[in-house]
Amino acid sequence: MSQEAPAPAPDRRRNRRGAFPRKGFRVFGLGLQDFIRYFFGGNASFAIIVLLLICYFLAEQAFRFFPAHRQGLKIYREAGQEFVDQIKSELAAHSRLGGDLNIAYLSEVNASSQREDNLVRALQAVQTAVEDRTGHLSERLEDARETVEDLRDDLEDAAADPAKTAELQAALAQAEGRADALAPQWHGEAEAALDDPDIWRLDANPVKLTDAERVEIRDAVLRSEPGLDDVELPFFDALRKTSADKKAAAREGYAEFKTHLDALRGAARPLQSLSGDLVDIAAENRQRLDKFETAPARRRALLEGAEATMDPEERARKLKMAEEVVMEAPDYDALARPFYDQVAEHGKLAAQVRAAVVTAYEALPKPDDPAIRTPPGREKLRAAAADYAHLMETLTRVEKTLPKWRHDKPVSRTRGVLMFFAGRDWVTNSSWHDFYGLLPLLTGSFLISVLALVVAVPFSVASAIYVNQLAGRREQNLIKPAIEFIQAIPSIVLGFFGILVLGSFLREWSQGQLHVSPHGFVGSLPVIREIFTGICGFLNWVAQYVPGFPMSERLTMLNAGLLLAFMTVPTIFTLAEDALNNVPHSFTEASFALGASKLQTILRVVVPSSLSGIVAAVLLGFGRIIGETMVVLLVAGNKIQIPDFRAGLGVFAQPAHSMTGIIAQELGEVDQGSIHWRALFLVGMVLFTISLVTNFIAQRILAKYHVKA
Amino acid sequence: MKKTTLILSAIVLLGAGARAEDKIVIKGSDTLGAKMVPQQAEAYKQAGNAVTFEIAAEGSSTAFTNLLAGTADIGMSSRDIKSSEKDEFTAKGMEIREWIAGYDMIGVIVNEKNTVKELTLEQVEKIFTGEITDWSEVGGAAGEISVYTRNTSSGTYKSFQEMAMNKRDYGANTQKMAGNEQIASEVGKNANGIGYVGLAYVKADGIVPVKVDGVELDPKNSKTYPIARTLFFYSIKGKLSAAAEKFLVWATSDPAGTEIVEKVGFIKP
Amino acid sequence: MDTTTTDPDAPAPRGKANPFAARSPRRRLIERGVRQMLHLATYFILLCAFFIFGDIFVKGAPVIFGKQYPGFVNTRFFTHSPETLVVFENPEGEEFRLDYQEFEAFKAANPDFVVAKEQRNSYSGGGILGPLVGTALLTLICIVVALFIGLAAAIYLNEYGSHGRFMNAIRLAILNLAGVPSIVFGLFGLGLFCLTFPLIVGEANLRAGAPAFELFHSGVYLSFQGFGISMLAGGLTLAVMILPVIITACEESLKAIPMGFREASLALGATKWQSIRTAVLPYALPGMLTASVLGITRVAGETAPIMFTAAAAHKDKLPWQEAGEGGFLGFFGQSVQAMPYHIYTVAARIPQSEYTKPMQYGSVFVFMVLVMLLASLSVYLRIHFRGKLKW
């Protein structure tokens, strides 16, 4: 890449005369020129040094994670927590099954009175909205009414004291006057609010109100003035009653379902109590073992402290504390004894659970049962079928592994490494045991990156083709700087935008609630408002067919992915445009000469011959996305869980955490040199490796498949 | 390829930075550090004390890490010190001193549109451990529960775990938020959201605290409400500067200092 | 739109031998459709950008610009640091918003005033002076260091270096460095600059736990203790991060200078360095200027590298107000507020309400305007000098 430097004069070390006379100066046979050269060379090698230093600092902390992690796992095993966690996994599987079945049951029962319940909820929603709108006034009215109440109470108490009574009566009259003056004002505002169609927009509530119901709601809202207790609303009281009756009837219809459900859920109770006992024992063991680990250091510090103090009393106290530090190793076998004792008991209880669950589950309706009428009910029953299989699997597995569990089995090195790279839990600052598993973070990062690429690549490559091949000079001069400007937007600003604007937009859209507010800027322009309303209607219709919609979260992978896609467009665009630019003119000319049209030339000649450059551009874009921090930290939702892939493409509507995000979120808060701190450096190391590999591959592709003229 | 050897010299800088005498560095809990302590600091300066403050509120654990590293004069924590943390201080030859900053109740909050206004402690535990995943299971309209919790270094995270969740771990479906304010604002925007915040934050828009075991979240119920805790300042014996000690005494016992505790919604020590 | 000289749509002779010959009307329609799609994709990106800019400008500008003369520019926003915003009412329900200090002064001035419904919003009052100053200082440190090293490296690469293993290693390192995620630089900066950088300090300033060696029994130590969380650490971290960009940009500008300049100078008997100094660097200056503006634009918006190395969410005073007697390290050894971190704080730590929105959008607006000005400056400089310097 560098130009050929002019060949240095062969006699450059000899003194010459000329326009620039040379001064002689030599150390160790090196002249000034050599020093200058080495100075620049030294600076150039900074890039290498920095890269090596990064490797060193990451690796230094990161690799010290593994021994500490292994030690942690050893204690986890010795304390018996590993044993208990196996039982807990059975219980968790059982509780998930019970939970899904219960939701299905409730969905069926509640469906019977859906209309009534939705109406009551609609009333509440409208009421809340009106209260928001009239916020100021309603608070003051409420205050005034409360004052009146208080004064009345005081008046009753002070009945014996005529002077006070008179005083209170005056105050009361004044307060009543204020309340009476405020009430009509409030009515006015509330009525104005109720006339606004926006108030009647009921988030995610599918109820369609009839005119009569609207009137009822309106009336009820106006009657329940702020500060008035026990307003009678006969229409809604009747609704509530109907709802309760219908539910009771429905419950009767599903009585059998309920019986089996209860049997299933209750089956694990003995196992739960066993687990509870063992949890306590294991937690105590753990504390004991942790204390033992730190004992020598504590003792040393106390002795040193005693040495250093002059005060004899203080010294005696410290010495005594040092004495009290328990140094001898705990009896590991004794600590583990209770667990071995309970293996048989656990086997018995687990068998009971299995038997009870199998009986109950067989008796329960299956998803395709005609008695199950609601879609969520069916869906949950389908989920329950999976839960059931999982529970059976877990029971079988634990039944096998538990008797083989040994508290003193050494933790192998590979296990320590595997628990990090293939670990499914990242649980820190726990009262039980800290798990450092990379998998949830890695999946989060990758899913977000994939989404961002899928969105960004078509747009950026398309616009690169357009700008490079189709656009006129003037258009190029407009678009290229504009895209450069996009590159200059700091990521934190995009994150901010994601939280405040995009998140709410996506959620509203997903719920089919997009609308043009009549109070905003757009709403005030008649024609444009119609256009926007049309667009919103269309988008709302589209939302029904988008997987994962409706979503209740604002901060999701979708949100983060879209922002990152936007952010990475300039990167891919610029590189892809470069690649297109590098296609030799002779190629296009040859194509035209054969009679190909412009578009044929582009799609069959230009793009294929610059494909390597485009692929490299995409890879570099990927490197940029996966290393991006602020957007994912702010917008991705920070849920440390492997996303539920059963949702298909809808998986992107879930929140997730990422590798970059976890470092940014947790590094500032942990103890230097602690295992958690090192785990974060290790995550950084993984990131660093990924980016290096991506970069390397991209460079190789560029070097290898570069088309030369 | 002539002489590509490098001359590398470590850059060494002369450091003489001494910390100015009257600067008080306070680090730790977001519960204390986002509202109460900055306002106490502002009031303390108004009262004519010539000191400056540096306050960072990243979570209670950071109180202890910073005290240990010597990067803070005062630690603020919304939970008491763990025995393992105490051991670390002992292992470095330091002894910790505890000051009570006030009392707090943790409110379980839901969206104001949610019809569930009351939960039992057991239900709270099950929701936060991920056993209950749908609002219909606790009597609300069907909808998947979105659980918002604090980040793991937070004292609220820990206290809540101890007081409301039987020390069990949070479910993997919980979302970790940076501060009380952020939880309040997320729950306020998500009709299916639930979260917890300190007493001082329950007045935010769009959220309502639920009754827990039938007890309403109100300072006057501080004895009966099941999720209440003590807030602390921590310092290291023998290492506390006079200025910092004066501030601590003022903040924990002077009426002007404790008045602020109430004003931000906690309960006086 | 079509700039090529050939007319691609001219009827071509049909024949089986020609794979591109078929051009039915349907075909033309498809062509036009594809063309329109490419067109739309391009403008959709611009539309998104327009929307984001528009949203921030529409909501942010009113915070800075008032409608009438005395409040035409909200100067307070630029002369104060972030504070707590107190919102309260008088008994008549009139609402007031005051920054904490104003509020205290107001209460002192009107002791009879009954404050009702007082609520406080942290970080929402005051202005953004502190973060602006902090970002300026961080950027300054970063650009001074990065430009120095970057330029020297570029001179080596372009003027001295010959092809070889060393040069290849450097180029590879630069390419790879450019791809390292910013958060990894944050980790690196924390590890090196904050925690282990060697310093010469007196006994009083030793950090406990850091390895230290006494020099010649003088009471002065060489201690590997780092700068702590400080401007210096942050600025250096940013400098390392921006290095590849600066090196590449400087090298480009050196490359653009014709060989003849150097050759003429060498022919006059100048040494290598003399010819670089007098015949190359002066002409590369504009290019380097552009490079540094580009660097500032990139660096000013970075959050991840300064999160653990330099930034503080809340500081009472500006750096020079509390530097004290610390000297060089005392000044640059302080943590600072910085714009991106401030935006992170107001975006993630505080809720969105009508009281916090002015601060949120105001900060983002000012920051965007600054960054955009810098970006346009770099575009302008590039075009300006490209037109001016021609050989």
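Throughout, protein chains are lettered first and strands after them, A, B, ... in sequence-line order, and every chain is numbered starting at 1.
- Taking the six-membered ring for Trp and thresholds of 30 and 60 degrees, C:His39 and A:Tyr466 have ring planes inclined between 30 and 60 degrees apart.
- Contact count against chain C (heavy-atom pairs under 4.5 Å) is highest for A:Leu500 among A:Leu603, A:Leu500, A:Ile465, A:Leu680.
- You'll find the side chain of A:Phe46 stays beyond 4.5 Å of the side chain of C:Ile247, heavy atoms only.
- Taking chain A as the reference chain and counting heavy-atom pairs below 4.5 Å, the highest number among C:Ala152, C:Gly301, C:Ala173, C:Ala347 is found for C:Ala152.
- Heavy-atom distances place the side chain of A:Leu58, and not its backbone, under 4.5 Å from chain C.
- Using a 4.5 Å heavy-atom cutoff, the side chains of C:Leu187 and A:Phe688 are not in contact.
- With a 4.5 Å cut-off on non-hydrogen atoms, A:Thr629 touches chain C through its side chain but not through its backbone.
- Contacts between A:Phe57 and chain C at a heavy-atom distance below 4.5 Å involve the side chain alone, from C-beta outward.
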- Query: Would C:Phe308 and A:Ile663 count as a side chain to side chain contact (heavy atoms under 4.5 Å, CB included) if you check the C-alpha gap in whole Å, the side-chain angles of each, and the deciding distance to 0.1 Å?
  - Reply: CA-CA 10 Å; C:Phe308 332 112; A:Ile663 300 176; 4.3 Å; yes
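- Taking 4.5 Å as the limit, every side-chain heavy atom of C:Val184 sits out of range of all side-chain heavy atoms of A:Met685.
- Between A:Leu494 and C:Ile52 the shortest side-chain heavy-atom distance falls below 4.5 Å.
- Two residues are said to be in side-chain contact when any heavy atoms from C-beta on lie closer than 4.5 Å; A:Arg37 and C:Trp273 fail this criterion.
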